[in-house]
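Presented below is the structure to which this report refers.
Below, chain A is the first sequence line, B the second, and so on; all start at residue 1. Being a predicted model, the structure only gives us computed values, none of them experimental.
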2 protein chains.
Amino acid sequence: MTPACASVDNYVVNGNMGAMMSGMTERPYHHGHLRAALLDEAERTLREQGIDALSLRDLARQAGVSHAAPRRHFADRQALLDALAEAGFTRLGAEVSAAIDGAGTDYRARLQAAATAYVRFATADAALLQLMFSDKNSKALPRAAVGLFATVSDLIDQGQQAGVLPPGDPDRLRLLLVATLQGVAALTISGGVARGQADALITDAVTLFTRGDLP
Amino acid sequence: MTPACASVDNYVVNGNMGAMMSGMTERPYHHGHLRAALLDEAERTLREQGIDALSLRDLARQAGVSHAAPRRHFADRQALLDALAEAGFTRLGAEVSAAIDGAGTDYRARLQAAATAYVRFATADAALLQLMFSDKNSKALPRAAVGLFATVSDLIDQGQQAGVLPPGDPDRLRLLLVATLQGVAALTISGGVARGQADALITDAVTLFTRGDLP
DNA sequence: ACCTGAACACCGTTCAAGT
DNA sequence: ACCTGAACACCGTTCAAGT
């Protein structure tokens, strides 16, 4: 469930307020994992409570450090958000890639699997996806999204070579596909479409791109 | 600094005439237009500086009232954002509708005009569009977006009757079209595609939906 | 190198009181 | 009915100082 920060998990601060007020003198903390702990906790807060609930002071509190300590690892709040977005792109790219690899050889099935993985990520981490596509990291986006775009590009190439996708500039087709997936995700997140409708939308999009007959 | 409140011309003062003095008086503000002035200024701040720069206290300051005065008209910050989103949907619906009406009789031209109007709105008011499709107003969305959805539904019906759009469930086709436009807008806003690319993307989307040949 | 504690300016929200 | 002023709790950011 929680990616990143895998090998080092021995600190386990089950942070709650009163536990470290007084009494036992547990202060060996230099903490050691502060950066990873902050990112981990931030990702969960983002998922469970949205971006408005994400506060540097609160994260520091939950990590058991002073409110100024995060400054060593993130210059400001935006730097933390940028790091979250970057990690999000890496994970999204990996999940889409894994979905394609596990989808067998039929091209439509592979395309459908990629689209489904994308929308699943979007609904499970709506706030994160919105952060990833925020206009604030227009510069950081391409750097972290390279893997995802490469995966989709390969998918486009395969489809065109197999004659299942329409011919034409593969870059434009890739952008259109990503845009469509992003739009389906956005509408699903915003409540414009329900869950079952989302699956139908994905199917329709795949059908449209592969020039099949819409139902 | 500026008095703002310029484009407000159809508010109605219900039985509060005593507060409005004839002649130009600068000071005796009960203000009279506070709600409209706040919305006006908020929309501009949103456009020019983004949602993070939108503060109730700042809006009150610019309107020349105390920081607690907005409370009379908006229960909290979220209520203001909801009102902005609702007004946004109304305006977006009107602009798309006008674009279609002014696009002549050729169906592809009408579809292209609608798509262009949508993306133009999205790039001109990026923060507002993100607000409109935020997951926070999942309930308020359908109410205000009805006009827009009806316009797009009409467009779908025309296309299917003319045989230019593929047959099938018009509701699903409408969702797919809106999702595609939303995705193109999102990618354009986030900097994933440039301006000229956006136009090409729109053209490709229209071509795909109308089953023409992609370039 | 990493972290603390105090300080500053700002914010949203509440509420008694003014007019 | 509409608005003010003070108050509260919270926030991001900065900086001298601790270890």
Rounded to whole Å, the CG-C1' distance (B:L38 to D:dC2) equals 13 Å

Mind calculating the distance between CD (B:Q78) and C1' (C:dC11) to the nearest angstrom? 16 Å

Phosphate oxygens OP1/OP2 of D:dC10: is one of them under 4.0 Å from a side-chain N or O of A:S55? no

So, A:F149 versus A:F89, ring centres under 6.0 angstrom or not? no

I need the CG-P distance between A:L34 and C:dA1, as an integer number of Å. 17 Å

What is the distance from CG of A:D76 to C1' of C:dA9, rounded to the nearest Å? 17 Å

Any idea which of D:dC11, C:dC3, D:dG5 is nearest the A:H73 side chain? C:dC3

Indicate yes or no: does A:E43 engage A:R91 in a salt bridge with an N to O separation below 4.0 Å. yes

Identity of whatever pairs with D:dA6 - Watson-Crick or G-U, under 3.5 angstrom: C:dT14

Do A:Q158 and A:D154 meet the criterion of a side-chain donor-acceptor pair at a distance under 3.5 Å? no

Respond yes when some side-chain nitrogen or oxygen of B:S66 is under 4.0 Å from OP1 or OP2 of D:dG5, and no when none is. no

Look at A:R61 and D:dC11 and indicate whether a side-chain polar atom (N or O) is within less than 4.0 Å of OP1 or OP2. yes

Distance alone, cut at 3.5 Å: any donor-acceptor contact between the side chains of A:Q182 and A:Y118? yes

Shortest side-chain distance from A:R71, nucleotide among D:dT14, D:dC3, C:dT14: D:dT14

Sorted by position of nearest nucleotide on DNA chain D, 5' first, the leading residue of A:H67 and A:R72 is A:H67

Is it the case that the side chain of A:E86 and the backbone of A:A83 share a donor-acceptor pair, with hydrogens and angles ignored and the cut-off at 3.5 Å? no

To the nearest Å, how far apart are B:D52 CG and C:dC10 C1'? 14 Å

Would you mind reading off the distance between A:L56 atom CG and D:dC10 atom C1', rounded to a whole angstrom? 13 Å

Between C:dC2 (P) and A:H33 (NE2): distance, integer Å: 13 Å

Pick the closest DNA chain C nucleotide for A:R57 and for B:R77 by heavy atoms, then say which residue is nearer the 5' end. A:R57

